[in-house]
There are 2 protein chains.
Amino acid sequence: MDAAIGRPRLFDEEAVLAKLTDLFWRQGYGQTSMTEIVRISGVHKPSLYRTFGTKEQLFATVLRRYLAERIAMFAALIEQAGPGVEGVHRFVELFEVDAISERGRDGCLMVMASNELRGTLPGYDFSKIYRRQMREQIRTLIVRALPEGEADSAIAQARTDLLTTYLLGLQVIMRSGADPRSTNTSTLCMSPSTRGKARCA
Amino acid sequence: MDAAIGRPRLFDEEAVLAKLTDLFWRQGYGQTSMTEIVRISGVHKPSLYRTFGTKEQLFATVLRRYLAERIAMFAALIEQAGPGVEGVHRFVELFEVDAISERGRDGCLMVMASNELRGTLPGYDFSKIYRRQMREQIRTLIVRALPEGEADSAIAQARTDLLTTYLLGLQVIMRSGADPRSTNTSTLCMSPSTRGKARCA
DNA sequence: ATAATAGGGTACCGTTTGGTACAGAAAGAG
DNA sequence: CTCTTTCTGTACCAAACGGTACCCTATTAT
């Protein structure tokens, strides 16, 4: 186990990472200075550097943590939504409830990072992994709403891509300060008249 | 009109703005330093400041210019696409051709700015204007594909929102480095088997 | 006790940042 | 020609940046 030699840490790593996740999420990477990170975390700079490495490495840790949490959330929502076409509708509803929440107003940290760090920082790799895993989750949801044997069909892929892309777009919209009521598309799209054919993918 | 007193400018403002638009588009606002702006534009710092003001004001000018250009592009694509449901499909195809282009790989400057500058810089206001105008364009496209008298229906609004959100998501995906071939959803979604009901909005 | 180990906190480092003062150069106006 | 106006370009500024050296304190091992 951990030898636990020397002075014990006075702060909880997980709690600090959670606070810093919110901070980066709100402000982005470049707009967040180490000074601010120190202020929010309550941990002094040298301790941060000893524990998490450079600002870049710290952000990578935050992203890794967020990625796992986010994918888990997707899995939970999909399970909660249930099978069939109804499940797809219910999933989108659940997703939009989250998007309207206080945290959801800031969009998605992963989307933000991939937009900001295009090639320059480690967040770029994470964004690809994130999108691939997110797409895989959506795919299981879609497949469960299709007739058997269509799991690998073109329709399954098209609907998966469309829904994935839509959800990413929704997070962009939320972060750009949209009025939640005016952009709640699913309730409209799922009205009786369009239900069934509405959520084509 | 312009008195033209004093030494004439040695650089073309429009050309410089075009170059800097590409620069900001690629790198974002925070990751682009004045030093780099000087290098790319070929104009020395004091001249830039006299002409465009601070970095923040310069970026605002770039955004304003991009906004107008972008909305004009939307209008052109919609006109080129033609009316009816076929027009919607054709529009999405045209849009995706642009998204796959070299410039399109960097996503949308407006989306990028709204993600990065959330509240801190003038880009935030522009992003709202952009989204509203973009949505308005999409709406005209959608309405032309619906039966008469349905212009203000719930379906029209829902389909407008869905397509708008999808297009924003597409730009996020492109910027995050997706393989253009694997994410070209429209060709799949518009295959004969799904055509008609596929593009529900 | 005492040595060894590791975190806490101050004070500081070199660099880079956005932004400017100032002197010289090029144009029109009288 | 000379005065005024505007742009160019060097050289520079204070402030903020990410990152660290160093000393002190708290803990375990012997």
Side-chain angles (χ1 to χ4, degrees), chain A residues 1-21 23-24 26-63 113 116-117 119-124, chain B residues 1-17 19-21 23-63 113 116-117 119-124:
Chain A
M1 319 305 173
D2 289 341
I5 293 176
R7 183 173 177 175
R9 214 157 259 164
L10 291 190
F11 60 92
D12 178 20
E13 292 185 32
E14 275 302 308
V16 165
L17 284 177
K19 279 182 191 169
L20 296 185
T21 299
L23 183 63
F24 280 124
R26 257 180 284 125
Q27 308 197 339
Y29 178 80
Q31 301 285 329
T32 303
S33 71
M34 284 307 296
T35 305
E36 214 164 351
I37 291 175
V38 166
R39 211 191 65 224
I40 296 294
S41 67
V43 179
H44 289 100
K45 231 191 277 190
S47 294
L48 284 172
Y49 273 90
R50 213 190 329 268
T51 308
F52 302 110
T54 68
K55 183 188 177 188
E56 200 171 314
Q57 293 168 325
L58 166 62
F59 189 57
T61 302
V62 164
L63 284 182
E116 182 180 351
L117 303 180
T120 64
L121 279 171
Y124 199 58
Chain B
M1 311 316 168
D2 288 342
I5 293 175
R7 183 173 176 175
R9 212 157 263 164
L10 292 189
F11 60 93
D12 177 21
E13 291 185 33
E14 274 304 307
V16 165
L17 284 178
K19 279 183 191 168
L20 296 185
T21 299
L23 183 63
F24 280 124
W25 197 344
R26 259 182 283 125
Q27 308 196 340
Y29 178 80
Q31 302 285 328
T32 304
S33 71
M34 285 305 298
T35 304
E36 214 163 352
I37 291 175
V38 166
R39 211 191 65 223
I40 297 294
S41 67
V43 179
H44 289 100
K45 232 190 279 189
S47 294
L48 284 172
Y49 274 90
R50 207 189 316 276
T51 309
F52 302 110
T54 69
K55 183 188 177 189
E56 201 172 313
Q57 292 168 327
L58 167 61
F59 190 57
T61 302
V62 164
L63 284 182
E116 182 180 351
L117 302 180
T120 64
L121 279 170
Y124 200 58

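A, B, ... follow the sequence lines: proteins, then strands. Residue 1 opens every chain.
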- B/S/- contact track for nucleotides 6-12 of chain C, protein heavy atom under 4.0 Å: BBBBB--
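For the pair A:Y49 OH and D:dG19 C1', the interatomic distance rounds to 5 Å; values are reported in whole Å. Note: CD1 (A:I37) to C1' (D:dG19) measures 12 Å, nearest angstrom. Note: CE (B:M34) to P (C:dG19) measures 7 Å, nearest angstrom. If you take CZ of B:F52 and P of D:dT8, they are 10 Å apart, rounded to a whole angstrom. Rounded to an integer number of Å, the gap from B:E13 CD to D:dT8 C1' is 15 Å. Taking atom NZ of A:K55 as the reference point, atom P of C:dT15 lies 20 Å away to the nearest angstrom.
Other residues, nucleotides and ligands contribute over 12 non-hydrogen atoms within 6.0 Å of the NZ atom of B:K55.
Annotation: side-chain hydrogen bond (donor to acceptor under 3.5 Å, both in side chains) contacts of B:T61 (sequence neighbours excluded): none. Applying the side-chain hydrogen bond (donor to acceptor under 3.5 Å, both in side chains) test to B:Q31 and every residue at least two apart in sequence or in another chain returns nothing.
In this structure, B:L117 CG and A:E116 CD are separated by 9.0 Å, a value rounded to the nearest 0.5 Å.
Taking the side chain as every heavy atom from C-beta outward, A:L58 and A:I37 approach each other to under 4.5 Å.
Using cut-offs of 30° and 60° for the angle between ring planes, the A:F59 and A:Y29 rings count as tilted.
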